[in-house]
Amino acid sequence: MAVKNLIDGVREAMHEEMARDPRVVLLGEDVGIRGGVFRASEGLVGEFGEARVIDAPLGESGIAGVAIGMALNGLRPIAEMQFADFIHPAFNQIVSEAAKIRYRSNNDFHVPMVIRAPFGGGVHGALYHSQSVEAFFMHVPGLKIVVPSTPADAKGLLKSAIRDEDPVMYFEHKRTYRLVRGEIPDGDFTVPIGKARTVREGKDLSIFAYGLMAVFAEQAALELEKEGVSAEVIDLRTLLPLDREAILSSIGKTHRGLVVYEANRTMGAGAEVAALIAEEALFELDAPVRRLAGPDLPAMPFNTVQEEHFMPNPEKIVHAARELLAS
Amino acid sequence: MARTKTRATAATALTPDAVRKAYRDMLLARIIDERQWVLNRAGKAPFVIPCRGHEAAQVGWGSALRDTDFFLPYYRDLGVVVARGYTARQAMLALLGKAEDLTSGGRQMPGHYGWRERNIITGSSPVGTQVLHAVGIAYASRLRGEDSVAATALGEGTTSQGDFHEALNWASIYKLPVLFIVENNEYAISSPQSREMAVQDVSERALGYGIAGATIDGNDYFACHEATFQAAERARRSEGPTLLEFKTYRTVPHSSDDDDRVYRSREEVEDWKQKDPITRMQAHVLAEGILTKQEDEALWREVKAEVDEAITYAEQAPYPKVEDMYRHVYAE
Ligand SMILES: Cc1ncc(C[n+]2csc(CCOP(=O)(O)OP(=O)(O)O)c2C)c(N)n1
Ligand SMILES: [Mg+2]
């Protein structure tokens, strides 16, 4: 096992799957010689050639729609959106087409494709290079949504996504790419879609998070430990379908829940987690479920001051946990 | 409809004052750009999007229109907004995300222009969205019986977006007074033109919409100015939209986050630096006696001092207040 960056997990998964399965292709803006603007596909065009690592014309609807066509005709496309913020032109293809093709054809057709998109803020990306778009797609049955927060999960989840028979949205928090380091097991392995990961066990409260927020939640838990608070941290990893079991069993243990996400608070992933707990485990709770999220603003501002205010961070998580324990 | 290729320099009827201003604007855009990179490399500015190499095209079209016209530039168009009165101070305030940034109060990344007072429409990052806005703006002007023109710019890569097709289709159906200006710098980040289209010239697309199109030497200020002016006059006479293509080159990476060495040769970049639009304009103003050598040197000193002052000013300017980020989600 070697210690690597999260983005290495992404690259290795694509590399190994392309080597293993000739049906796998990658398409997106600047994914070829440039290796992607974040270098996720560095080296792939050299190894697999321009026919399988495709520098797409600058149009996301095209990228998603062409990938759907490829999937309908026997390929396993990985469609890269350069930034999640630019996925919106592809919304129609993803929501009207990819998500509904199996259902509408009564199982005659299906779309085994992956849509990868770097998301998230805290990088001075301002309104259009910071967005968290997962909630839009969580509302769409027919899609699966995963978000890794460790290098090993980045690799294992992407492999599962590529091998999956249905469209999988794979969101990569761009701030985690080189911030998060960890061991990646040697050899071929997958991480199952639909299963949360217990980052650390605890007994006083459960913190549910994903992506960069799962990393911050773990840091917050270490801080809380110094105060004698034992926080359980659950990395949701898959947002659609949510791992209901993991969420409910953690609440059954700690009786207090805090959901952390950086998307706008209203109707975000945390709303679904809170609703699930309210429906299924209300009498387990010692306090109302809390959400710590981005404010309900159209987008994250560029300037340092307001960006910092927008983003949840370990200190804010510690603070929210203390409040939850006091309530 | 005729598709023309203009490569010659027609110095038109521009007065020496107008030429001097254009040269100064190009220079100001260039020096702002250079200094912004220095600030970025020094860790003081998170992001720079350069106009470098595009100055003739940008000041060319930006200076060819009227105050009553509408401007929908894209992120690279510092030269356009400078031609409309955007200052070094403003550029530096936006770069550092300061409260006084008039385009967005420090909300947007630098390069996302918008200035109601000057009819510069606010822009975003997803490429090509503004092209449709230009069509709607032109429609509204026409409906009110005004003679203003809406001019919008985009890169050649952005012509791959569906919005580009929809906009040209609309504008051509209604013969709207829109100028679609493509600043063709041969690359969309790393993607060469051949990966974005199968035609040689973007202006060939005009034929398919039944509108006028022209390919212009984008490093020739006069050619860009003239082509824009003529297209605007046609638009005002209700002769319909024009697709203008200014062939140019960005001589630095796509942005401060890019490394262009992996996708293009140093020789190619050097070749284009030899065709630098500022050097070319400088040669013109000196040859025509519009500026003496001493006056030219004084101009460079003056512009550099202006940019230095702007940096000092912007560095000391306050950041936006946290509570202000909650404003203007809806009408107050
Ligand atoms: C919808 C959308 N997709 C992707 C991007 C990322 N991106 C920013 S600029 C750019 C290339 C644009 O190339 P071109 O249109 O030729 O303009 P240039 O930057 O060369 O002036 C890309 C892919 C974006 N801003 N918007
Ligand atoms: Mg370009």
Side-chain angles (χ1 to χ4, degrees), chain A residues 27-39 42-43 45-46 50 54-63 65 81-90 92-93 122-131 174 264 294-310, chain B residues 45-47 75 94-99 101 104-112 124-129 154-165 187-192 194-197 254-255 257-260 262-264 318-330:
Chain A
L27 65 161
E29 294 151 14
D30 305 287
V31 298
I33 184 84
R34 187 73 181 74
V37 293
F38 292 101
R39 307 280 184 282
E42 196 157 47
V45 73
E50 290 187 349
I54 305 159
D55 268 330
L58 207 185
E60 290 72 13
S61 179
I63 293 168
M81 300 288 143
Q82 196 161 84
F83 286 82
D85 310 64
F86 306 135
I87 204 169
H88 306 305
N92 188 36
Q93 287 292 346
V123 295
H124 288 298
L127 284 78
Y128 302 103
H129 297 80
S130 305
Q131 291 173 31
K174 60 181 91 74
N264 303 124
D296 284 326
L297 293 176
M300 196 173 303
F302 170 70
N303 69 83
T304 309
V305 177
Q306 295 178 333
E307 182 186 66
E308 271 173 19
H309 184 77
F310 194 111
Chain B
F47 183 75
Y75 50 81
L95 181 79
L96 303 180
K98 296 301 180 79
D101 152 39
S104 77
R107 286 178 178 180
Q108 291 237 65
M109 276 181 149
H112 291 56
S124 67
S125 308
V127 297
T129 49
L154 58 148
E156 82 294 342
T158 298
T159 66
S160 299
Q161 288 282 347
D163 280 2
F164 177 74
H165 161 70
Y187 291 88
I189 309 187
S190 70
S191 198
S194 60
R195 283 274 180 272
E196 300 291 344
M197 66 195 79
H254 170 77
S255 75
D257 290 338
D258 184 31
D259 178 359
D260 63 339
V262 298
Y263 57 80
R264 58 185 190 180
Y319 281 110
K321 294 199 196 66
V322 164
E323 58 269 29
D324 284 345
M325 74 192 270
Y326 290 94
R327 297 193 59 194
H328 309 309
V329 179
Y330 301 104

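Keep in mind that the numbers below use all heavy atoms, side chains included, and drop hydrogens, waters and symmetry copies. To find a chain, count down the sequence lines: A is the first, B the second, and so on, and within it residues start at 1.
A donor-acceptor distance shorter than 3.5 angstrom exists from the side chain of B:Gln161 to the backbone of A:Leu58, with no hydrogens or angles considered. Using a distance-only test at 3.5 Å, with no hydrogens or angles considered, a donor-acceptor pair links the side chain of A:Ser130 to the main chain of A:Ala126. In this structure, the side chain of A:Asp55 does not engage the main chain of B:Ser191 through any donor-acceptor pair within 3.5 Å. With A:Asp296 contributing its side chain and A:Asn264 its backbone, the two residues share no donor-acceptor pair below 3.5 Å. With hydrogens and angles disregarded, no donor-acceptor distance shorter than 3.5 Å links the side chain of B:Asp258 to the backbone of B:Ile189.
Note: A:Asp30 leads A:Ile54, A:Asp30, A:Ile33 in heavy-atom pairs under 4.5 Å with chain B. Here A:Glu60 is the residue among A:Glu29, A:His88, A:Glu60 with the most heavy-atom pairs under 4.5 Å with chain B. Ranked by heavy-atom pairs under 4.5 Å with chain A, the list B:Gly128, B:Ser104, B:Gly157, B:Gly162 is led by B:Gly157. The residue among B:Ser160, B:Pro110, B:Gly97 with the most heavy atom pairs within less than 4.5 Å of chain A is B:Ser160.
Contacts between A:Ala299 and chain B at a heavy-atom distance below 4.5 Å are absent for every atom of the residue. For chain A, the nearby part of B:Asp257 is the backbone; its heavy atoms alone come within less than 4.5 Å. Using a 4.5 Å cut-off between heavy atoms, A:Glu50 contacts chain B through its side chain alone, with no backbone atom that close. For B:Ala94, the part lying near chain A is the backbone, with the side chain staying farther off; criterion is any non-hydrogen pair under 4.5 Å. For A:Val305, the parts lying under 4.5 angstrom from a heavy atom of chain B are both the backbone and the side chain. Heavy atoms of B:Asp101 lying under 4.5 Å from chain A are absent altogether. With a 4.5 Å cut-off on non-hydrogen atoms, A:Phe83 does not touch chain B at all.
With ring centers used as reference points, B:Tyr263 lies 6.0 Å or more from B:His254.
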Donor-acceptor pairs under 3.5 angstrom involving side-chain atoms of residues 319-326 of chain B: please list them, not counting sequence neighbours.
from, atom 1, to, atom 2, distance (Å)
B:Tyr326, OH, A:His309, NE2, 2.9

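Take A:His124 and apply the side chain to side chain contact (heavy atoms under 4.5 Å, CB included) test, not counting sequence neighbours, and it matches A:Phe302, A:Thr304, A:Glu307, B:Pro46.
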